[in-house]
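This report refers to the structure that appears directly beneath it.
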Amino acid sequence: MAPTIHFVRHAQGYHNLSAENYHLPDPDLTTLGNQQCADLRAAFPHHDKLTGLVASGMRRTLYTGIQSFGTDKLYPVIALDVLQEVSDAPPDTGSSAAELAAEFGDRVDLRRVREGWNLKGEGSYFEPTLDKLATRARDARKELREIATGLGDDAHVAVVSHGAFLHFLTEEWHGITSTYPTSWKNCEYRTFQFVDPTGQDPDAELRETEESWRQRHGSLRVPTAEEQQELRQIMVRELSPFFKVNNHT
């Protein structure tokens, strides 16, 4: 069977409270954010199936993963630098691997957080241009497929990432508005599987499960691939201030 990935947007961080808080680097979870983690832990129906736990290297995603899913069976959380948020604003710029190691200890595996992962300027792999975001999302899907495949047949992996990047990661653009760069709520989870169960797809394309889509949208028809591309173009036009729009996309 193809691995199953339960994607989660992190719980509320202090930068989510106001525009004024966008000067905060790698912010903590709020009190409400901690409660959202507790609520997700209580409500998530697939704890017994989980075989892996992955998060971006940002503090808010790591704490969300630990508080929502953490158990001795799933530690250490695998931190992936490719799962970080799209922008180069202070809240979306991570701490150094040394700082994270000092804070999280053996609860987090930082071997996939490369040196300079928090440098997102011009020329960087993590620079928030549309073409680099698409490349990073594809690389992230391939890395998640590798991790999940290594966990054996019928792997279920919880993956905590960020609202805007999750759209690039899943290539699902439904529900974005012109005022906010994501349709994902804090601590919301959605379940996906890889389209090609053989693991040979070079793009590691994902598709949301029927159960997950219906849970969110009832009888609403799933958008076609062409409609998703149209929705993506709307996102590019309306939300370009959140990332660098280059001339190649």
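Throughout, numbering of the chain's residues begins at 1 and tracks the sequence.
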Starting from the C-alpha separation in whole Å, work towards a yes-or-no answer on side chain to side chain contact (heavy atoms under 4.5 Å, CB included) for V54 and V77.
CA-CA 5 Å; V54 179; V77 182; 5.8 Å; no
Nearest-0.5 Å distance, [atom1] of residue [X] to [atom2] of residue [Y]:
X    : Y    : atom1 : atom2 : value
L29  : C37  : CG    : SG    : 5.5 Å
K120 : K132 : NZ    : NZ    : 12.5 Å
D81  : M58  : CG    : CE    : 11.5 Å
Y14  : N21  : OH    : CG    : 9.5 Å
N118 : Q84  : CG    : CD    : 8.0 Å
L206 : E171 : CG    : CD    : 8.0 Å

Kindly indicate, with the supporting measurements, whether the criterion side chain to side chain contact (heavy atoms under 4.5 Å, CB included) is fulfilled by L50 and F44.
CA-CA 11 Å; L50 289 180; F44 185 72; 3.9 Å; yes
Would you name the heavy atoms of [X] and [Y] that are closest together and state the gap between them?
X    : Y    : answer
A55  : L62  : CB-CD2, 3.9 Å
R9   : V160 : C-CG1, 4.4 Å
L151 : G52  : CD1-CA, 3.8 Å
E85  : R136 : O-NH2, 3.3 Å
L144 : F7   : CD1-CE2, 3.8 Å
S219 : R214 : C-NH1, 3.4 Å

Contact check, side chains of [X] and [Y], non-hydrogen atoms, under 4.5 Å:
X    : Y    : answer
F168 : R232 : yes
F192 : R141 : no
H47  : F69  : yes
Y63  : E103 : yes
R145 : D201 : yes

Tell me, with the steps shown, if I66 and F104 meet side chain to side chain contact (heavy atoms under 4.5 Å, CB included).
CA-CA 10 Å; I66 289 168; F104 291 96; 3.8 Å; yes
Verify same cluster id: [X], [Y] (apolar side-chain graph, 4.5 Å):
X    : Y    : result
Y75  : V157 : yes
Y125 : L119 : no
V86  : L24  : no

Output, in order, the C-alpha distance, side-chain angles, deciding distance and verdict of side chain to side chain contact (heavy atoms under 4.5 Å, CB included) for I78 and L80.
CA-CA 6 Å; I78 298 173; L80 290 189; 4.1 Å; yes
Please check if the side chain of D26 supplies one atom and the backbone of S95 the other of a donor-acceptor pair under 3.5 Å.
yes
Suppose the criterion is ring-ring contact (aromatic ring centres under 6.0 Å, His included): which pairs have a residue in residues 197-237, not counting sequence neighbours?
H174-W213, H174-H217, W213-H217
Suppose we call two aromatic rings close when their centres sit under 6.0 Å apart. Are F165 and W184 close by that rule?
no
Under 6.0 Å between ring centres, would you say that holds for H10 and H15?
yes
Electrostatic pair R59-D28, nearest N-O below 4.0 angstrom
yes
Taking NZ, NE, NH1 and NH2 as the nitrogens, is one of them in R60 or D92 under 4.0 Å from a carboxylate oxygen of the other?
yes
If a pair satisfies side chain to side chain donor-acceptor pair (under 3.5 Å) and one of its residues is in residues 187-200, list it, with sequence neighbours excluded.
T4-Q193, H6-T191, E172-R190, S183-R190, E188-R190, D196-T198
Answer yes or no: does atom CG of D48 have more than 12 heavy-atom neighbours from other residues, nucleotides or ligands under 6.0 Å?
yes
May I ask you to check whether over 12 heavy atoms, not counting those of R112, lie within 6.0 Å of atom CZ?
yes
How about E127 and S124: does a side-chain donor come under 3.5 Å of a side-chain acceptor?
no
